Enquirer: 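The structure under discussion is supplied below as structure tokens; questions concerning it will follow.
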Amino acid sequence: MSARTGSFVPRPGSAPMAQMVLAQARMESRLILRNGEQLLLAVVIPVIVLVGGVEGAKHVDLGLGGHRPVDVLAPGVLALAVMSTAFASLAIATGFERRYGVLKRLGTSPLPRTGLLAGKVGALLLVEVLQVVVIGAVALALGWRPSYSPAAVGSAVLFLLVGTAAFAGLGLLLAGTLRAEATLAAANLVYLLLLAAGAVVLPSSSYGDFGEVARWLPSGALGDGMRDAALSGVLDLRSLLTLAVWAVVGGALTGRTFRWE
Amino acid sequence: MPADPAVLVEGLQMRYGDTVAVAGMDLVVERGEIAAVLGPNGAGKTTTLETCEGYRRPQAGRVRVLGLDPVHQQRELLPRIGVMLQAGGAWSGVRAVEMLRHVAALHAHPLPVEDLVERLGLDECGRTPYRRLSGGQQQRLGLAMAVVGRPELVFVDEPTAGLDPAARRTTWALLEELRSDGVTVVLTTHYLDEAERLADRVHIIDHGRRIATGSPLELTRGGTHATIRLVVTEPFPPGAPESLRASLGPGTDVTAIDERSLVISGPADSTTLGTVSRWCEAQGVLPESLNLGQRTLEDVFLELTGRPLAAGADEAPSVTARPSASVVG
């Protein structure tokens with residue numbers, strides 16, 4: 001056979017897994033940050049809630065148990081930011097990826113599904129780091145004085161990670177079963193309901209009797225856990241387990257129901 | 001060289017609910033050839049391809065691609081094949097070059113992205129997001145994504161649907177170059193000129209079955225009758241095929257292709273031609289072209305199925321250059 005010099009001579013092969021996951025994470029985070037609505041959910045709304053809450057607390061008693069409002073609200077808003085990104089943004093983006101055949105296209109690429117998922121998680125974490133920096137800076141400017149003990153920081157990071165897993169599982173559950181438009185509507189509705197009544201920004205103890213329900217929601221568990229970590233450096237084990245159960249249930253249901261097309 | 005064919009489909013059956021999409025398909029594609037799977041919309045082309053790509057599990061029958069089972073050996077197979085979807089396949093906000101770079105990053109030895117971008121004219125897309133690219137630009141990006149990983153085998157589903165003539169030729173040239181570099185190409189199409197021009201082997205399928213296979217030459221050569229194709233400048237009056245058949249007498253058949261063309265199969269002698277010419281005069285229609293003996297894939301399809309391929313399919317863009325000053329009517 002004569003030597004071939006053409007440009008298309010086959011030389012197939014998949015890139016190393018780490019490179020594929022990194023490429024996927026980079027691509028997805030870039031698309032999130034480029035998208036105006038996603039940025040609104042990720043940063044603008046949480047910052048408005050934080051500033052509005054701190055200002056509002058000067059005029060209305062939010063039932064914050066004697067703590068300074070910003071010390072209670074800031075960890076709650078960080079929890080809200082996780083919910084924005086890992087739940088609402090992820091659900092909406094994935095719903096449209098299904099609609100536009102992106103998942104189908106990537107399904108014939110060398111990137112395996114686990115790699116795709118890892119890339120998505122990587123992108124979420126990247127965006128969350130950005131959110132923590134922006135929201136943290138605003139909160140510090142408003143006088144936030146969180147606990148910096150290793151236990152506090154470790155516990156907050158743990159809650160952010162398990163909270164991300166729980167909300168991502170639920171977001172993908174929506175995106176993998178509903179049409180893109182229905183996912184968009186449902187994700188926004190659930191997000192707003194949890195923001196208002198889910199004990200994410202305000203402690204479950206501020207909700208009276210409903211607080212008993214709200215603390216078992218992923219929003220309440222994440223919010224309470226973040227607040228305990230930031231206010232007193234305590235690991236709220238009950239909330240952590242609650243979130244872990246949501247993560248396992250959401251992940252398992254998604255695994256069983258997710259449709260790629 | 002491995003002995004396995006590039007694609008082997010045996011007795012494939014697929015149904016969606018009550019709809020039978022593929023009804024006992026057999027298909028062999030040898031390595032290094034361009035194989036065209038030709039058939040009308042809904043014939044089962046895409047379903048067959050998607051089963052080869054591992055998207056769908058065969059409900060009955062056997063599928064092997066490069067000797068591998070597309071479902072159970074998917075991880076081994078996917079890096080070796082390239083897939084061009086019929087539509088979509090990119091994020092709505094992504095830029096063309098960015099998307100291509102991303103797919104390239106998933107492969108070990110991708111083609112230089114810049115070359116491919118230039119080759120397919122994707123540089124004109126600039127920073128435009130995918131959702132605002134033209135259909136042709138999206139098609140070309142789809143093709144680029146299919147080949148950037150330097151696959152052994154590419155599946156291209158309707159690669160030139162909706163492309164303008166220049167872009168069709170660019171796509172064809174690229175597919176031919178893939179073949180000369182040793183890449184196997186399986187393409188689905190309902191454009192006869194595309195299959196005739198590109199394919200080493202054409203598989204005609206209809207109602208979920210393969211009904212004929214051969215090179216374009218083998219398929220169009222022979223046949224029991226000679227074929228005359230008559231195209232006129234204005235639509236025929238109603239009942240034209242019947243009236244012409246009556247004029248020609250027994251031993252001849254007339255089939256309408258569209259409102260301005262007919263295929264006459266029968267003895268291609270001067271008597272027939274004279275009759276056709278007098279019939280045109282009597283009907284008050286002016287022949288635009290009268291082609292003798294050149295069976296096309298269209299005629300083959302018509303003979304095999306009794307209906308024209310183009311029925312119900314999208315209008316094929318015209319690729320024959322016509323003088324711009326041609327007078328209509």
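Keep in mind it's a predicted model, so treat the numbers as computed, not measured. Reminder, nothing fancy here: chain letters follow the sequence lines and each chain counts from 1. Computed from heavy atoms alone, side chains included, the values below leave out hydrogens, waters and symmetry copies.
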Enquirer: Using non-hydrogen atoms only, which part of Tyr100(A) is less than 4.5 Å away from chain B: side chain, backbone, both, or neither?
Expert: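 Answer is both: backbone and side chain atoms of Tyr100(A) are under 4.5 Å from chain B.
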Enquirer: Could you go step by step and tell me if Leu80(A) and Tyr191(A) meet the side-chain contact (heavy atoms from CB on, under 4.5 Å) rule?
Expert: CA-CA 9 Å; Leu80(A) 176 70; Tyr191(A) 174 82; 3.7 Å; yes
Enquirer: Should Met17(A) and Pro112(A) count as side-chain neighbours, where that means a heavy-atom distance under 4.5 Å?
Expert: yes
Enquirer: Step by step, would you call Arg168(B) with Glu194(B) a salt bridge (charged side-chain N to carboxylate O under 4.0 Å, His left out)?
Expert: CA-CA 9 Å; Arg168(B) 290 188 94 199; Glu194(B) 185 158 284; 3.6 Å; yes
Enquirer: Answer yes or no for Arg113(A) and Phe258(A): cation-pi contact, defined as NZ/CZ to six-membered ring centre under 6.0 Å and angle to ring axis within 45°.
Expert: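 Judged by the rule (NZ or CZ under 6.0 Å from the ring centre, within 45° of its axis), Arg113(A) is not positioned above Phe258(A).
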Enquirer: If we define contacts as heavy-atom pairs under 4.5 Å, which of Gly93(B), Gly88(B), Gly54(B) has the most with chain A?
Expert: Gly93(B)
Enquirer: Specify the closest pair of heavy atoms between Ser109(A) and Arg75(B), including all atoms of both residues, with the distance to one decimal.
Expert: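 Answer, listing the atom of Ser109(A) first, then Arg75(B): O-NH2, 3.7 Å.
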Enquirer: Restricting to non-hydrogen atoms, name the atom on Met145(B) and the atom on Leu100(B) that form the minimum distance, rounded to 0.1 Å.
Expert: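 That would be N-CD1, 3.7 Å.
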Enquirer: Look at Glu98(B), Glu53(B), Met84(B) and state which one has the largest set of heavy-atom pairs under 4.5 Å with chain A.
Expert: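 Of the options given, most contacts go to Glu98(B).
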Enquirer: Taking side chain as everything from C-beta outward and backbone as N, CA, C, O, which of these in Leu111(B) sits under 4.5 Å from a heavy atom of chain A? Side chain, backbone, both or neither.
Expert: side chain
Enquirer: Hey, which of Glu50(B), Arg101(B), Met99(B) has the most heavy atom pairs under 4.5 Å with chain A?
Expert: Glu50(B)
Enquirer: How close do Ala42(A) and Ser84(A) get, heavy atom to heavy atom, and via which atoms?
Expert: CA-CB, 4.3 Å
Enquirer: Locate the shortest heavy-atom distance separating Pro46(A) from Val77(A); write the atom from each residue and the value.
Expert: O-CG1, 3.3 Å
Enquirer: What part of Leu106(A) lies closer than 4.5 angstrom to a heavy atom of chain B: side chain, backbone, both or neither?
Expert: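 Contact with chain B involves the side chain of Leu106(A) alone.
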Enquirer: If I measure from the heavy atoms of chain A, does Leu85(B) come under 4.5 Å with its side chain, its backbone, both, or neither?
Expert: side chain
Enquirer: Would you check if Thr170(B) and Arg119(B) make a side-chain contact, meaning some heavy-atom pair closer than 4.5 Å?
Expert: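 They are not in contact (no side-chain heavy atoms under 4.5 Å apart), so the answer is no.
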Enquirer: Tell me the closest heavy-atom pair linking Gly163(A) and Leu222(A), and the distance in Å.
Expert: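 Heavy atoms of Gly163(A) and Leu222(A) come nearest at CA-CD1, 4.1 Å.
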Enquirer: Can you pull out the residues in residues 131-144 of chain B with any heavy atom less than 4.5 Å from chain A?
Expert: none
Enquirer: Please classify the contact between Arg26(A) and chain B as side chain, backbone, both or neither, with a heavy-atom cut-off of under 4.5 Å.
Expert: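 When you check distances to chain B, no heavy atom of Arg26(A) falls under 4.5 Å.
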Enquirer: Could you report the tightest heavy-atom contact between Ala6(B) and Arg31(B), atom names first, then the distance?
Expert: N-CG, 3.8 Å
Enquirer: Using a 4.5 angstrom heavy-atom cutoff, name the option from Val147(B), Ile81(B), Val94(B), Leu77(B) with the most pairs to chain A.
Expert: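 Top option by heavy-atom pairs under 4.5 Å: Val94(B).
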Enquirer: For Val71(B), which residues count as a side chain to side chain contact (heavy atoms under 4.5 Å, CB included) partner, sequence neighbours excluded?
Expert: Arg57(B), Pro58(B), Asp69(B)
Enquirer: In terms of heavy-atom proximity below 4.5 Å to chain B, should Arg34(A) be classed as side chain, backbone, both, or neither?
Expert: side chain
Enquirer: Out of Pro112(B), Ala105(B), Ala146(B), Pro129(B), return the one with the most heavy atom pairs under 4.5 angstrom to chain A.
Expert: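 Greatest number of close heavy-atom pairs with chain A: Ala105(B).
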Enquirer: Select one option (side chain, backbone, both, neither) describing which atoms of Leu111(A) are under 4.5 Å from chain B's heavy atoms.
Expert: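 For Leu111(A), backbone and side chain are both near chain B.
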